[in-house]
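A short write-up of the structure that comes next.
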Amino acid sequence: MYGGWLFPEDMAPWVGWMVFAVLLAIGEIVLPGIFLIWIAIAAAITGGIAWAAPLGLPGQILIFAVLCLIATWGGRRWYRDNPVASSDPLLNDRAARLVGRQVIVVEAIVGGEGRVRIDDGTWSAVGPDAAVGARLLVVGSSGTTLTVVQAPEE
């Protein structure tokens, strides 16, 4: 009926689904965040159904496909309703992490646009006109452009 090295003829179909579920779960552990756990759950339920009610391969694949859709939809809803709080919400927003830092003008800000240096990088900046060497304060960002204002006197 099945044949081949993946599904030997003497192996029960439900065993193949359970092995597939375990492989997907391992894949989720190795590659976290890929959403494989929901597909693993669908494979495990398909294996349970194949064990309880002998079905042909087309029926098992149809059940698996429907369960994948339901499990993925349910997983997305669960993640939406239970968001994972980050200890550093600005981790992947480098420009936003610079808000509150002082910068030094390296290309004069004229007409509201220029360049500033912070640490070892230079950034486009918008803000009040300022001469080269002036110290400014980052108050916001839009993409890779920093919004700056006059820094308070120290």
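This one's a predicted model, so the numbers in the text were calculated from it and none came from an experiment.
Leu24 CG to Ile39 CD1: the interatomic distance, rounded to the nearest 0.5 Å, is 6.5 Å. Going from atom CD of Glu28 over to atom CD1 of Ile41 covers 9.5 Å, rounded to the nearest 0.5 Å. Between atom CG of residue Leu98 and atom CG of residue Leu146 there is a gap of 5.5 Å, rounded to the nearest 0.5 Å. Taking CD1 from Ile29 and CD1 from Ile37, the interatomic distance works out to 7.0 Å, rounded to the nearest 0.5 Å. Between the CG atom in Leu23 and the CE atom in Met18 there is a gap of 13.0 Å [rounded to 0.5 Å]. A distance of 9.5 Å separates CG in Leu136 from CD1 in Ile104, rounded to the nearest 0.5 Å.
Under a hydrophobic-cluster definition in which Ile, Leu, Val, Met, Phe, Trp and Tyr are linked whenever side-chain heavy atoms come within less than 4.5 Å, directly or via other members, Trp123 and Leu137 are assigned to different clusters. Linking Ile, Leu, Val, Met, Phe, Trp and Tyr residues whenever their side-chain heavy atoms come within less than 4.5 Å leaves Ile109 and Val106 in two separate clusters. Follow the hydrophobic side-chain contacts under 4.5 Å out from Val138 and you never reach Val126; the two are in separate clusters. There is a path of hydrophobic side-chain contacts, each under 4.5 Å, that joins Leu31 to Ile26. At a threshold of 4.5 Å between side-chain heavy atoms, the hydrophobic network of Ile, Leu, Val, Met, Phe, Trp and Tyr places Val99 and Val139 in two separate groups.
For Gln60 (side chain) and Leu55 (main-chain N/O), a donor-acceptor pair under 3.5 Å exists by modelled atom type.
Taking each heavy atom of Asp129 and Gln150 in turn, the nearest pair found is O-OE1, 4.5 Å. The two atoms that bring Trp17 and Ala43 nearest to each other are CB-O, 3.6 Å, heavy atoms only. Nearest heavy-atom pair across Ala40 and Ala25 is CB-N, 3.8 Å.
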Tell me, with the steps shown, if Thr122 and Glu107 meet side-chain contact (heavy atoms from CB on, under 4.5 Å).
CA-CA 10 Å; Thr122 58; Glu107 282 182 27; over 6 Å; no
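The side-chain heavy atoms of Ile45 and Phe64, taken from C-beta on, include no pair separated by under 4.5 Å.
Residue pairs meeting the side-chain hydrogen bond (donor to acceptor under 3.5 Å, both in side chains) criterion with at least one partner in residues 70-81, sequence neighbours excluded, are absent.
The side-chain hydrogen bond (donor to acceptor under 3.5 Å, both in side chains) check on Asp120 picks up nothing, with sequence neighbours excluded.
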